[in-house]
Protein chains: 2
Amino acid sequence: MALSTKRTDRRTEALSKERIVEAAIHILDAEGERALTFRALATRLATGSGAIYWHVADKQALLAAATDHILASVMAEVAERSTLNHDAIRTVALGMFDAIEAHPWIGAQLSGDPWQQGLLRILEGIGRQVQALGVPESALFNATTALLNCILGVAAQHAAAERLPRGTERSVYLAAIAERWTQLDLAEYPFVHHLAAQLPGHDDREQFLAGVNLVLAGIESIR
Amino acid sequence: MALSTKRTDRRTEALSKERIVEAAIHILDAEGERALTFRALATRLATGSGAIYWHVADKQALLAAATDHILASVMAEVAERSTLNHDAIRTVALGMFDAIEAHPWIGAQLSGDPWQQGLLRILEGIGRQVQALGVPESALFNATTALLNCILGVAAQHAAAERLPRGTERSVYLAAIAERWTQLDLAEYPFVHHLAAQLPGHDDREQFLAGVNLVLAGIESIR
DNA sequence: ACCTGAACACCGTTCAAGT
DNA sequence: ACCTGAACACCGTTCAAGT
């Protein structure tokens with residue numbers, strides 16, 4: 001690597017898009033979305049805030065690159081456990097679920113721009129398996145986006161949780177929502193009241209998988 | 001109403017949460033999400049920017065109230081055309097689709113906070129019909145949120161379009177995305193390439209309905 | 001080519017002061 | 001009780017100036 005020590009003598013390991021993205025991910029994971037500031041980023045990288053613009057177009061591009069970085073590693077990891085069709089789809093979906101849970105700021109990013117680079121990797125991964133299931137050409141797009149919607153739904157849920165004060169427990173968060181639901185007018189919201197009882201006890205991951213299975217069942221009934 | 005003319009003599013029709021929300025919706029619809037500023041809102045209401053805080057907690061609450069206002073009218077309108085089960089679900093879903101298309105800023109709001117007040121009306125409306133379909137207790141939550149995910153998916157797509165420069169045609173927007181997809185490496189993204197061809201010609205509303213139908217088919221196969 | 005950091009043009013929100 | 005509007009504490013982004 002360090003064949004020639006010509007430039008800067010690795011004092012501060014020259015800035016690069018990759019280093020910037022890594023630093024951004026660190027801040028996002030450690031302190032949340034609101035803490036990612038060009039000033040905070042510059043401080044962490046020991047540089048001026050303007051320097052970042054030499055490598056990254058703007059904040060939106062930075063967030064997209066950070067999301068892409070995570071999603072690329074998800075797909076790489078998932079690709080190793082090669083299974084087929086239904087199982088492959090479930091594997092990709094669960095990989096996404098875990099990634100969104102580990103990095104909730106991804107949720108906001110995905111909901112905000114569902115056609116961004118990073119999500120295309122997932123679209124590709126899922127779409128190929130849907131195709132392999134023998135879904136007719138005309139239903140291919142719809143079936144794949146329906147599965148993607150399950151992921152976007154989870155993303156939206158975690159994006160909302162991300163915007164809470166740091167360190168709020170998931171369980172007390174759900175309990176607070178259930179509490180709010182219970183306070184709604186019973187006559188007007190009977191069904192929501194009914195769900196409120198189930199909300200605190202439920203397993204997010206299990207529910208997510210159930211949604212995916214439901215869509216898979218729908219796909220099965222189509223072909 | 002104006003039994004006594006005691007106070008302010010209706011010179012400027014005193015501020016109220018409702019007037020503020022209506023003004024906010026006007027700005028959001030006419031000029032987009034980024035144009036909604038407390039300063040712009042204050043100017044439109046011919047008041048000081050601080051006055052708004054007397055009626056609304058903060059910007060997040062204002063956006064939630066605006067979204068709730070729209071969704072309430074969607075549900076009211078949809079409730080009149082009373083149908084049953086599958087058709088009722090499709091009616092609610094299409095009502096939401098049209099609302100999101102007419103007010104794209106709702107998309108960002110729904111994706112950002114899927115448990116907010118406004119969306120509960122939809123959850124209630126859809127959930128009741130799912131219940132009426134005879135879906136077993138254990139699958140009720142999953143089936144309803146799966147349908148909600150279709151709506152959140154559409155919301156996310158329109159939220160992304162909303163953030164574009166004003167006045168971008170939907171068709172040129174889709175063409176631009178298809179163009180980007182075509183430029184991806186064919187070996188790595190064969191499926192996305194395949195979809196790119198369908199993207200410009202497709203009908204959003206039709207695709208949305210197809211997704212809903214897919215989930216409904218899945219629900220049918222469960223019970 | 002790449003980096004610095006002050007400066008610019010904004011925000012949401014607060015709050016003493018008014019009526 | 002309700003409103004005013006200046007002030008505060010931030011932002012993302014730009015850009016002359018440096019190396």
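- Whole-Å rounding puts the B/Trp54 CH2 to C/dA17 P distance at 17 Å.
- Between A/Ser49 and C/dG5 there is no side-chain N or O to OP1 or OP2 distance below 4.0 Å.
- The aromatic rings of B/Phe38 and B/Tyr53 lie parallel to each other, with less than 30° between the two planes, well short of the 60° mark.
- Nucleotide D/dG12 holds its P atom 10 Å from the CG atom of A/Leu63, rounded to whole Å.
- Between the P atom of C/dC11 and the CD1 atom of B/Ile52 lies a distance of 13 Å, rounded to the nearest Å.
- If you check every strand for non-hydrogen atoms under 4.0 Å, A/Leu36 touches sugar and phosphate atoms only.
- Across all strands shown, the partner of D/dG5 is C/dC15, judged by Watson-Crick or G-U wobble contacts whose two distances both fall under 3.5 Å.
- C/dC10 makes up no base pair with any nucleotide shown, lacking Watson-Crick or G-U wobble contacts both under 3.5 Å.
- Classification of B/Asp98 and B/Arg205 as a salt-bridged pair holds, one side-chain N sitting under 4.0 Å from a carboxylate O.
- When all heavy atoms of B/Ala24 and B/Leu62 are compared, the closest pair comes out as CB-CD1, 4.0 Å.
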With side chain to side chain contact (heavy atoms under 4.5 Å, CB included) as the test, would you mind laying out the steps for A/Phe191 and B/Thr144 before giving the verdict?
-> CA-CA 11 Å; A/Phe191 183 76; B/Thr144 308; 3.6 Å; yes
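- One atom, OH of A/Tyr53, and another, P of C/dA1, lie 21 Å apart when rounded to the nearest Å.
- Computed from coordinates, the B/Ile27 CD1 to C/dG12 P distance equals 11 Å when rounded to whole Å.
- For B/Lys59, taking side-chain heavy atoms from C-beta onward, the closest of the listed nucleotides D/dG5, C/dG12, D/dG12 is C/dG12.
- The nearest heavy atom of DNA chain D to A/Arg34 and to B/Ser16 marks one nucleotide each, and the one closer to the 5' end goes with B/Ser16.
- Between the CD1 atom of B/Ile20 and the P atom of C/dG12 there is a distance of 14 Å, given to the nearest Å.
- B/Phe38 has its CZ atom 17 Å from the P atom of D/dG5, to the nearest Å.
- Rounded to a whole Å, the CZ atom of B/Arg39 is 14 Å from the P atom of D/dC8.
- Residues B/Asp68 and B/Arg121 are paired through a salt bridge, judged by an N-O separation under 4.0 Å between the basic side chain and the carboxylate.
- Of the candidates C/dG12, C/dT13, D/dC3, the closest approach to any side-chain atom of B/Leu15 belongs to D/dC3.
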